[in-house]
Amino acid sequence: FRRAEAIARSPVLFPVRAIPLASRQLASFEALARAGARVTAAVDRAARSVPSGGLLSASPGRRLAALTSAARVAQAIRDNVGTVDLGPRTWLLPPLRAERRKFSSDLAAIDRGANVIGALLPVVRGPSHVLVLAANNGEMRAGSGMFLSAGELTIDGGRLSLGDMTSTVDLQIPGSRVPLDPDMRRSWSWLHPNEEWRNVNVTPRFDVSARLAARMWEALGRGTVDGVIALDPVALREILRSTGPVVVDGMRLDKTNVVSYLLHDQYVGLPLTDDANAARRDRLGAIASATLAKVEAGDWDPRSFVSRLGAAAAGRHLLAWSADARVEEALVEAGAGGRMRSSDVAVSLLNRSGTKLDQFIDVDAALKRGEIRIRLRNSSPANEPPYVAGPHPLSHSVAGEYNGILLVTLPGRTTAASVAGQRRVAIYGPDGPDVAIGVTVDLRRGASRTVVIRFTAPHPDRVTIVPAARVPAVRWHLGKKTWDDGLEHVSLW
């Protein structure tokens with residue numbers, strides 16, 4: 001970088017400075033080279049001051065000390081590069097414009113990283129109490145699997161301690177003692193989300209669902225929590241990619257089989273008795289404890305671990321909320337907040353059949369201005385276990401039949417949303433910064449249905465397609481582009 005800066009200042013190039021447009025390109029090149037030299041020098045100095053091995057240590061004290069050092073280093077880097085001048089912004093040739101944009105993005109990432117580490121350090125120092133919700137993608141809610149188990153994680157001095165994970169079926173709160181968010185109350189009060197934990201996340205706004213869950217936990221007499229974490233089998237797989245396998249009751253679970261086991265295989269051959277179900281739930285708690293013990297052991301690569309957690313958060317398989325405003329903003333910056341924005345588009349399918357059939361429901365969504373065409377197909381195979389395929393004892397469906405609510409979240413400025421060919425809908429109204437519309441769907445095995453959502457969209461507008469956290473992922477189409485919604489996707493319609 002210093003050599004590039006010296007070249008830009010060479011007397012040989014002085015004549016170029018007399019040509020306005022060419023001078024601008026030279027000024028941009030020089031500024032970017034100077035900024036590159038400054039940033040790399042700052043990072044190099046910081047890297048030399050980071051103690052090695054601390055984050056890998058099984059000692060909570062050493063891990064906390066390493067994280068404290070990392071927070072100090074991140075802040076020092078930010079202080080050193082926060083005022084870097086990147087030179088001219090406009091009238092640049094495409095290569096320089098692209099490099100400047102990338103450099104600016106990298107500087108923003110440094111700033112976000114410092115914010116995240118600085119905000120999370122007090123949480124790790126503790127004592128902190130976090131409600132952990134285990135989600136199941138075989139039975140979906142909005143933007144996440146249904147919350148089927150809950151427990152409390154205590155963080156103190158870098159040490160992690162997970163209490164017993166309890167089935168949410170056993171955590172009912174009669175009497176609607178917990179107040180609901182106004183939009184949730186308007187659209188979803190008939191599902192009693194402030195009483196029934198399995199309906200807490202009927203909205204993709206995780207910050208709202210998490211705040212409700214924290215209040216419900218307190219209403220049960222379990223105490224006040226500082227935050228909420230929700231994770232599903234995909235997030236667990238990403239953790240095991242870094243920590244290695246766990247063994248529970250003689251069964252080895254690793255990155256290759258943990259998702260299939262939790263979504264499907266644990267139900268194969270399971271008798272529909274209370275004792276068998278209790279044993280299965282105990283095993284789930286043992287899996288959670290064994291995984292945490294792996295994390296506590298410290299025998300993993302911090303870079304890989306953080307990267308894997310980031311991948312899980314990007315697909316909404318790991319979501320987090322904090323009652324502390326600064327920590328909450330850090331979680332949002334880290335991509336784990338699950339907060340919806342006014343430009344977001346999301347397609348969710350809420351299971352209402354009491355089965356685990358979501359893993360067999362293919363969702364295909366085609367987006368164009370003013371319309372989303374969603375094709376649903378029930379591809380569940382025959383001879384699935386009753387716990388997976390149903391029918392639920394309290395339903396009127398048949399084995400392999402899927403009953404759900406297709407929920408579409410549209411940007412806040414859209415109006416006149418409707419379902420083509422259908423005069424009545426299950427849900428329609430504001431949902432925080434967005435608009436939500438939902439319609440009931442019933443699909444027997446092998447059946448398919450196409451639902452067309454039409455609306456008036458502002459023009460022009462940039463929208464963000466938000467992951468649904470489904471397994472398999474939603475398949476999206478926009479013009480000639482096709483992608484799976486494992487990550488956010490920004491588009492113009």
Side-chain angles (χ1 to χ4, degrees), residues 116 120 123 130-153 155 160 162 165 168 197 200-201 204 206-207 209-210 213 227-246 248 253-266 283-296 300-322 330-332 334-339 348 356 358-359 466-474 484-488:
V116 170
L120 294 183
V123 177
V130 180
L131 174 61
V132 177
L133 299 173
N136 190 317
N137 312 75
E139 199 168 354
M140 289 298 296
R141 284 294 179 257
S144 174
M146 186 181 289
F147 301 148
L148 296 183
S149 299
E152 189 169 318
L153 174 70
I155 309 172
L160 308 177
L162 181 64
M165 295 294 290
T168 54
W197 285 81
V200 164
N201 52 334
F206 181 72
D207 53 328
S209 298
V228 178
I229 292 176
L231 71 167
D232 65 16
V234 176
L236 192 58
R237 180 190 67 195
E238 296 306 305
I239 293 172
L240 294 182
R241 283 186 192 275
S242 294
T243 65
V246 296
V248 176
L253 291 171
D254 57 29
K255 62 184 180 182
T256 66
N257 66 352
V258 67
V259 173
S260 60
Y261 174 77
L262 292 176
L263 293 189
H264 182 271
D265 297 349
Q266 65 169 315
R283 191 177 302 113
L284 295 180
I287 292 171
S289 297
T291 302
L292 185 64
K294 273 282 189 179
V295 175
E296 272 284 275
W300 38 264
D301 177 11
R303 183 170 55 183
S304 170
F305 188 76
V306 172
S307 176
R308 296 299 182 186
L309 289 183
R316 290 183 65 103
H317 299 291
L318 172 66
L319 297 167
W321 169 83
S322 174
L331 293 170
V332 172
R339 186 185 297 178
S348 304
K356 300 297 185 291
D358 270 283
Q359 58 197 298
V466 175
R470 294 187 61 83
V471 178
V474 177
D484 291 337
D485 74 338
L487 297 172
E488 287 188 349

Task: Gap between atom CG of L292 and atom CG of L162 - 0.5 Å precision - done: 6.0 Å
- [ ] Give the minimum heavy-atom separation between P467 and A314, together with the two atoms involved.
- [x] CG-O, 3.5 Å
- [ ] Could you please spell out the steps behind the side chain to side chain contact (heavy atoms under 4.5 Å, CB included) verdict for T168 and M146?
- [x] CA-CA 10 Å; T168 54; M146 186 181 289; over 6 Å; no
- [ ] To the nearest 0.5 Å, tell me how far L148 CG sits from R141 CZ.
- [x] 9.0 Å
- [ ] Please assess V332 against D207 for the test side chain to side chain contact (heavy atoms under 4.5 Å, CB included), listing each intermediate value before the final yes or no.
- [x] CA-CA 10 Å; V332 172; D207 53 328; over 6 Å; no
- [ ] Please report the closest heavy-atom contact between A288 and M165, naming both atoms and the distance.
- [x] CB-CG, 4.3 Å
- [ ] Spell out, as yes or no, whether a donor-acceptor pair under 3.5 Å connects the side chain of Q359 to the backbone of L263.
- [x] yes
Task: Interatomic spacing from CG in L309 to CD in E238 - rounded to 0.5 Å - done: 8.5 Å
Open item on the list: Using every non-hydrogen atom in the two residues, find where D484 and A473 come nearest and quote the distance to one decimal.
Closed with: CB-CB, 4.0 Å
TODO: Identify the heavy atoms of V123 and I155 that sit nearest to each other, and give their distance.
DONE: O-CG2, 3.6 Å
Open item on the list: Return the OG1 to CD1 distance between T291 and I239, rounded to the nearest 0.5 Å.
Closed with: 7.0 Å
Open item on the list: Main chain of A469, side chain of N137: is a donor-acceptor contact present, judged purely on distance under 3.5 Å?
Closed with: yes
Open item on the list: Rounded at 0.5 Å granularity, tell me how far CZ in R237 sits from CG in D254.
Closed with: 11.5 Å
Open item on the list: Less than 4.5 Å apart, side chain to side chain, heavy atoms only: is that true for L133 and N201?
Closed with: no
Task: Spacing of CZ belonging to R283 relative to CG belonging to L253, to within rounding of 0.5 Å - done: 10.0 Å
TODO: Quick one: closest heavy-atom pair of V234 and D232, and the distance?
DONE: N-OD1, 3.0 Å
Open item on the list: To check you understand the geometry: which heavy-atom pair defines the closest contact between G337 and F206, and what is its length?
Closed with: O-CD2, 3.7 Å
TODO: Look at the side chain of S209 and the backbone N and O of V200, then say whether any donor-acceptor pair between them is shorter than 3.5 Å.
DONE: yes
Task: Close side-chain approach of I229 and L318, heavy atoms under 4.5 Å - done: yes
Task: Atom NZ of K255: over 12 foreign heavy atoms under 6.0 Å - done: no
- [ ] With the side chain counted from C-beta on, respond yes when P204 and R316 share a heavy-atom pair under 4.5 Å apart, and no when they do not.
- [x] yes
Task: Residue pair L262 / L284, side-chain heavy-atom distance below 4.5 Å - done: yes
